[in-house]
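Shown next, in C-alpha cells, is the structure this report addresses.
Chain letters run A, B, ... following the sequence lines, proteins first, then strands; residues in each count from 1. Both backbone and side-chain heavy atoms feed into the values below; hydrogens, waters and symmetry mates do not.
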There are 2 protein chains.
Amino acid sequence: MVALVDTGLLGDAPALPERVELQLRERILAGDLRPGTFLRPDRLAVELGVSPTPVREALQALRADDMVRALPRRGFVVAPLERGDVIDLFAVQARITGELAARAARALDAEGLAGLRVRAAEVDALIEAGEPGDLAQAERRFHTALNRASGARKLAWLVGRAAHYLPPRFYTDRRAWRTATVAAHRTLLDALAAGDPDTARAAMEGHVLDGRDLLVAHLEAVGFWDET
Amino acid sequence: MVALVDTGLLGDAPALPERVELQLRERILAGDLRPGTFLRPDRLAVELGVSPTPVREALQALRADDMVRALPRRGFVVAPLERGDVIDLFAVQARITGELAARAARALDAEGLAGLRVRAAEVDALIEAGEPGDLAQAERRFHTALNRASGARKLAWLVGRAAHYLPPRFYTDRRAWRTATVAAHRTLLDALAAGDPDTARAAMEGHVLDGRDLLVAHLEAVGFWDET
DNA sequence: GCGCGACAAATCCCATAGGATATGGTCGCG
DNA sequence: CGCGACCATATCCTATGGGATTTGTCGCGC
C-alpha cells in the first residue's frame with residue numbers, strides 16, 4: 001500500500017529489508033496476519049510496493065526470530081503464538097531485565113546516572129505533552145541506556161527482542177501505561193541512585209510484566225486467538 | 001570453498017539461505033571470522049559458490065540473531081561476543097531448559113516417556129559405536145522431544161537457539177562430554193519417570209552448563225578472544 | 001609536513017528477468 | 001469412488017544492471 005521506498009535522504013536509516021520486517025511484524029501482531037496464514041513473497045512485494053528481494057530477506061530475518069516458519073518450496077507461514085507462549089516469554093524477559101537493572105544498580109556511576117535521569121525526564125515530558133511517536137523512541141532510549149549500563153551486552157540485546165512484540169502504538173496511547181511508567185521509572189531511578197539492586201530488580205520486573213499484560217489485552221482485543 | 005548447491009535431490013532439506021547461514025555460523029564460531037570482521041556479501045557468494053541473493057538472506061537471518069550487525073550501505077560485521085556474554089547467555093539457557101525439564105516431569109505420560117527412552121537409547125548406542133554426525137542429530141532429537149513434551153512451544157524454540165552456538169563437531173568427539181551425557185540422560189529419564197521436577201531441572205541445568213564449558217574452552221582454544 | 005576537498009573506484013542495495021524444480025489441483029481412468 | 005498422470009502456478013536461485021553512497025587517493029593550499 002504505502003510506499004516504503006520513499007525518502008531519498010536515508011542517512012543511517014535501516015535498509016529496506018529491516019523496514020519490511022518491521023512492517024510484517026506489526027501486521028502480524030495487529031491480527032491482520034493470523035498464525036497459520038501463508039505469506040507469499042511475490043504477493044507481499046506487490047502489496048508493499050517493493051521487489052521480492054528485500055521481502056525474502058525480511059522473511060528470513062523473521063524466520064530466525066521464529067515469527068514465521070519456512071516451508072521449503074512452499075513459502076512461509078505465520079508461526080503459532082498461544083497465550084501461554086506470551087506469558088512464558090515475558091516471564092523470561094522480566095527475569096533478565098530485572099537482572100540487568102540489578103547489575104546496573106551496582107555498576108552505575110554518577111555520570112551514567114545523570115544520563116538516565118535525562119532520558120527519564122524526556123519520557124516524562126513527552127507523556128505530559130502527548131507525542132506518541134517520540135514517546136516510544138524516548139522510552140526505548142531510556143531502557144537501552146539502562147540495559148547498556150549493566151555491562152551485559154548480549155543480555156541487553158536479548159531483552160531488546162521483547163520490543164519486537166510491542167510496537168509503539170500498542171502502549172503509547174494507553175493512559176494506564178503512562179501513569180504506571182512514570183511511577184516505575186521514578187522507583188527505578190531511586191533504587192539505582194541508592195545502589196539498591198533488589199528494589200531495582202523488582203521495579204523493572206513489574207514494569208516488564210505491565211507490558212506483557214498490555215500485549216495480551218491487545219491480542220485478545222484484535223481477536224488474535226479467536227476461532228478461525 | 002565447498003559447493004553448497006550440490007545434490008539435486010533436496011527432498012525437505014532446508015533451503016539455500018539456511019544452509020549458508022549455518023555455514024557462516026560455523027565459520028564465526030570456529031574463529032575463522034572474528035568479531036569485528038567485515039562480511040562482504042559478494043565476496044562471500046564467490047567463496048561459497050552461490051549467488052549473492054541467498055547470502056544476503058542468510059546475513060539478514062544472522063542479523064536477527066545478533067550474530068552479525070548491519071551497517072547500512074557499508075555491509076555487515078561479525079558482532080562482538082565476550083566471554084561474559086557466553087556465560088550470561090548459557091545461564092539463561094540453563095534456567096529455561098531446566099524449567100522445561102521440570103514441566104515435562106509433571107506433564108509426561110507413559111507414551112511420551114517411552115519415546116524419550118528410545119531417543120536416549122539411540123544416543124547411547126551411537127556413543128558406543130562412535131558415529132559423530134548421527135550422534136549430534138540423535139542428541140538434538142532427544143532434546144527436541146523432551147522440550148516439546150513440556151508443552152511450552154516458544155520456550156522450546158528459545159532454548160533451541162543455544163544449539164546455534166554449539167555446532168556438532170564441537171562436542172560429539174569430546175570424550176568427557178560423551179560420558180557426562182550418558183549419565184545426565186539417565187538421571188533425567190529417571191527423574192521424568194518418577195515425576196520428580198526438581199531432580200529433572202537440576203540434571204538438565206547441569207547438562208546445559210556442561211555445553212557452556214565446552215563452548216568456552218573451544219573458543220579459547222581457537223583464539224577467539226586473542227588480541228587483534 | 002599536514003589537513004582538506006574533489007574526483008574516481010569499489011561496493012552495497014534493490015530491481016528485474018528468466019529458468020529449473022517442486023507443489024497442488026484437475027482430469028481421466030480403472 | 002479412489003488413484004495416478006498431467007499441467008498451471010509459485011518458489012527458489014541465478015544472473016545482470018543501474019542508482020546511490022561510501023571509501024580511498026590525489027592534489028592543492030596552508
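Residues meeting the ring-ring contact (aromatic ring centres under 6.0 Å, His included) test with B:Y171, sequence neighbours left out: B:W177.
In terms of position along DNA chain D, the nucleotide closest to A:F76 lies nearer the 5' end than the nucleotide closest to the other residue of the pair A:F76 and A:T53. Of the residues near DNA chain D, B:E57 and A:R43, the one whose nearest nucleotide (by heavy atom distance) lies more toward the 5' end is A:R43.
Rounded to whole Å, the distance from CG on A:L71 to C1' on D:dT11 is 12 Å. B:F38 has its CZ atom 18 Å from the P atom of C:dA10, to the nearest Å. In this structure, B:L39 atom CG and C:dT11 atom C1' are separated by 14 Å, rounded to whole Å. Residue B:R69 contributes atom CZ, which lies 20 Å from atom P of C:dC12 at whole-angstrom precision. In this structure, A:L59 places its CG atom 9 Å from P of D:dC12, rounding to the nearest Å. Rounded to a whole Å, the CG atom of A:L16 is 15 Å from the P atom of D:dA20. When rounded to the nearest whole Å, the span between CG of B:D42 and P of C:dC14 equals 13 Å.
Here C:dA15 is the nucleotide among D:dT14, C:dA15, D:dC13 with the atom lying nearest to any side-chain atom of A:S51. The B:R73 side chain lies nearest to D:dG19 when the options are D:dG19, C:dT16, D:dT11. Side-chain proximity of B:R40 to the nucleotides C:dT16, C:dT11, D:dT11 is greatest for C:dT11.
Atoms CD and CD, from B:E57 and B:E21 in turn, are 11.0 Å apart once rounded to the nearest 0.5 Å.
B:P41 comes within 4.0 angstrom of sugar-phosphate atoms only, judged by non-hydrogen atoms across all strands, and of no base.
Under the side chain to side chain contact (heavy atoms under 4.5 Å, CB included) rule, A:L16 has a single partner from A:L48, A:V55, A:V50, A:T53, which is A:V50.
A side-chain N or O of A:Q60 and one of A:R63 form a donor-acceptor pair less than 3.5 Å apart.
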Stepwise side chain to side chain donor-acceptor pair (under 3.5 Å) test for B:D65 and B:H164: CA-CA 10 Å; B:D65 238 16; B:H164 295 165; 3.2 Å; yes

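The base of D:dT11 lies outside donor-acceptor range of the side chain of A:R74, with no N or O pair under 3.5 Å.
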